[in-house]
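Below you'll find the structure, written out as structure tokens, and then a few comments.
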Amino acid sequence: MNEGVFLELLARGADASAFDEQVRLAAASGAGPDRLAELERLQGLALRTRALLERHERRESELSVLFETAQDLTRIGDVDRLLNAVVRRARRILAADVAYIALIDRARGDTYMRVTDGMASTPIRTTRLPIGVGLGGLVAQNGVPYATSNFWEDERLSHTEKVDHAVRSERIVAIVGVPLSVESDVIGVLYAADRHPREYQPEDIALLSSLAALSAVALDAANALEDARRAATELAASHAVADERARTLESIFEAHRRLTQTLLEGGGVGDVAAAIAEILDGDVAVLDAEGLTLWSSRPDTPEFTLAPADDSAVDAEGRTWSGVTVAARGVPLVRVLVDRADLDAVEHGVLERGATALALVLVLGRMALDEEARSREELVVDLLAGVPMDRLALRRRSERAGLMWGPSNIVLVVRSRDDERKRIRAAVVRWAPAGSVVAEYLQSTLVLLEGKDAGRAARTLAAHLRDGTLHTAVGGAGPIDDLSDLRSSYDEASRCAELLVALGREGGAELADLGLFGVLGVPEAADRAVEFVADALAPLIEYDDVHDGHLVETLTAYFVAERSRAKAAAALHVHVNTVGARLARVASLLGADWSEGARLLGIRMALELRPLLDTESRQPPTAR
């Protein structure tokens with residue numbers, strides 16, 4: 001037998017049985033022991049050479065796979081695509097049933113499944129593995145590879161019910177895991193697993209580790225690329241936002257410049273609001289603090305229902321208007337509305353600046369009006385108080401205060417309870433026409449306004465106050481021929497208000513409206529009236545003071561009840577016999593003719609006048 005036959009077998013890539021066959025044939029042909037020993041030596045060398053060639057071929061194949069993998073990984077910029085490519089390659093080069101990657105969640109202190117290949121069930125894809133638990137937990141904790149031929153029998157591994165359920169659902173038995181590390185920092189675990197017991201060889205673990213090393217570097221690069229892309233996108237978006245904001249600010253600034261110019265040129269509410277309407281190219285309405293429309297660009301003034309939650313409003317046609325309200329120290333000054341349901345940034349900015357400009361116009365105008373009103377009030381109070389003032393001084397002060405009153409002006413005096421004075425004044429100011437004067441003097445509120453019918457004006461003001469739940473007496477006087485006549489007209493209006501209070505009546509009137517009571521309001525008649533009442537009722541008054549007899553009260557109720565004893569008794573809450581007894585006492589004190597003719601008329605008039613002349617009863621009206 002030629003020794004070169006082993007070389008031929010090596011060249012053909014024959015298997016080990018072919019080498020054994022050559023030794024067997026030599027023994028059958030009668031070769032001696034020495035010859036057979038030499039052949040067996042040559043056979044061993046050939047087999048070792050064959051194994052070495054196979055390892056080189058496998059190593060070359062593995063290196064080729066790693067090289068291809070490295071090339072593939074460098075071409076993948078998407079993280080998810082990269083990880084999916086890694087698990088597919090790991091499963092192929094180890095001929096494993098499944099492969100998967102878990103990444104570490106630093107915030108939660110565990111690992112979570114990111115990608116899988118070859119999985120058949122759901123639980124393992126959604127399982128989170130605490131660091132230190134299971135094979136992957138050990139890899140993540142220690143940063144070194146771990147392999148087990150049987151997950152269920154390996155005492156090195158700690159188990160949890162959730163992890164065991166996930167592994168069991170996939171029927172996994174053998175597992176190998178290697179760390180995904182970037183500069184010694186473990187970021188995840190690369191697994192390969194089989195559904196049968198398997199001893200993973202050192203070269204298997206080394207090959208998987210090499211793939212993990214390549215993958216970790218590529219993953220880090222992909223993450224960096226993704227971060228760079230995201231940063232570039234955010235930067236582009238930021239530039240776009242900055243450009244848009246710059247355009248917005250430029251538009252708002254131009255609107256602000258135009259509104260400011262309108263103010264500098266002395267524009268009022270209408271001028272500023274018209275400028276806003278033109279800039280926004282829409283209908284605009286301006287509302288005061290009470291929601292009343294001060295100005296509208298529409299020919300018909302809209303009626304609005306204001307939204308309680310924001311500054312919007314709905315008109316009578318059901319259209320929604322966007323709005324902006326300007327307030328000072330929590331108190332609304334003005335609300336500006338535009339006929340749009342939604343506003344962009346520029347429109348809202350224009351509306352804000354327009355509302356601010358309008359608030360400024362209103363505040364400045366209000367300040368001027370307040371100053372003028374204070375000057376008028378001071379002049380009126382000085383005139384009533386009798387401050388010395390010649391005709392020239394009076395004219396100059398009148399001109400400065402804008403108080404040029406002529407013969408068509410009247411005076412109203414409002415009497416009320418002291419605790420209502422502030423509310424009364426505020427309500428009177430709201431009611432008083434433009435150019436009127438409202439002042440406080442001697443515990444009453446005084447109003448000077450244009451008009452000729454003082455009684456009608458007094459009744460109108462009293463009705464307005466009553467609608468506001470304020471109970472007052474309003475006296476009127478005038479017209480005034482000259483400011484120098486103010487004091488006498490005030491005295492007359494004041495006496496009228498006092499007479500209403502004394503009569504226990506609310507409402508408004510002038511002395512002429514009160515008939516006989518109005519005449520008695522003249523000071524010269526007051527003394528005569530006092531004497532008249534005293535003469536007519538003195539015996540009854542004296543008896544009541546001494547005996548608490550209620551004779552005046554009973555007689556008054558008797559006349560109010562039209563001389564019906566039963567009705568008078570009901571009004572007084574007494575028995576009818578009591579009324580009869582008291583009337584008998586009246587007859588004994590006043591004489592038997594007290595209920596006849598002129599005597600009866602005089603007694604009835606005295607009973608009507610007595611409350612007017614009783615100073616203790618002259619108090620402001622009370623709320624009813």
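No experiment lies behind these values; they were computed from the predicted model shown.
One finds the CG atom of L157 at 5.5 Å from the CG atom of L135 (value rounded to the nearest 0.5 Å). Between atom OG1 of residue T111 and atom CG of residue L103 there is a gap of 9.0 Å, rounded to the nearest 0.5 Å. Considering CD1 of I104 and CG of L180, their distance stands at 9.0 Å, rounded to 0.5 Å. In this structure, H348 NE2 and R353 CZ are separated by 10.5 Å, a value rounded to the nearest 0.5 Å.
With R340 contributing its side chain and L280 its backbone, the two residues share a donor-acceptor pair below 3.5 Å. Judged purely by atom type and a 3.5 angstrom limit, T148 has no side-chain atom pairing as donor or acceptor with the backbone of A174. Looking only at distances, no side-chain donor or acceptor of D164 sits under 3.5 Å from a matching main-chain atom of E161. Using a distance-only test at 3.5 Å, with no hydrogens or angles considered, a donor-acceptor pair links the side chain of Q201 to the main chain of E199. Panel note: side chain N142, backbone V144; no donor-acceptor pair is recorded below 3.5 Å. Of the possible donor and acceptor atoms, none in the side chain of E278 sits under 3.5 Å from a partner among the backbone N and O of A275. A donor-acceptor pair is defined here as one N or O able to donate and one able to accept, closer than 3.5 Å; such a pair exists between the side chain of S322 and the backbone of A341.
The side-chain heavy atoms of I276 and L358, taken from C-beta on, include a pair separated by under 4.5 Å. Between R319 and V314 the shortest side-chain heavy-atom distance does not fall below 4.5 Å. Taking the side chain as every heavy atom from C-beta outward, V286 and V334 approach each other to under 4.5 Å. The side-chain heavy atoms of I172 and V98, taken from C-beta on, include a pair separated by under 4.5 Å. With a 4.5 Å cut-off on side-chain heavy atoms, I131 and L138 do not count as touching. Here the side chains of S149 and R198 are not in contact, with every heavy-atom distance at 4.5 Å or above. For the pair D194 and Y200, the minimum side-chain heavy-atom distance is below 4.5 Å. Here the side chains of Y100 and M119 are in contact, with some heavy-atom distance below 4.5 Å.
Counting all heavy atoms, side chain and backbone alike, P302 lies closest to S296 at CD-OG, 3.3 Å. Residues V178 and I205 come closest through the heavy atom pair CG1-O, 4.1 Å.
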Query raised in the report: Given the rule in the side-chain contact (heavy atoms from CB on, under 4.5 Å) test, do H196 and V173 qualify, once you have shown the distances and angles that lead to the verdict?
Result: CA-CA 5 Å; H196 56 81; V173 178; 5.6 Å; no
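Remark: R423 engages T469 in a side chain to side chain donor-acceptor pair (under 3.5 Å) (not counting sequence neighbours). In this view, D117 and R91 satisfy the side chain to side chain donor-acceptor pair (under 3.5 Å) rule, not counting sequence neighbours.
Taking the charged nitrogens against the carboxylate oxygens, D339 and R298 have no contact shorter than 4.0 Å, which rules out a salt bridge.
Among T293, T325, D288, the single residue meeting the side chain to side chain donor-acceptor pair (under 3.5 Å) criterion with R335 is T325.
Between W152 and H159, the ring planes are parallel. Angles under 30° get that label, and only those over 60° would be called perpendicular.
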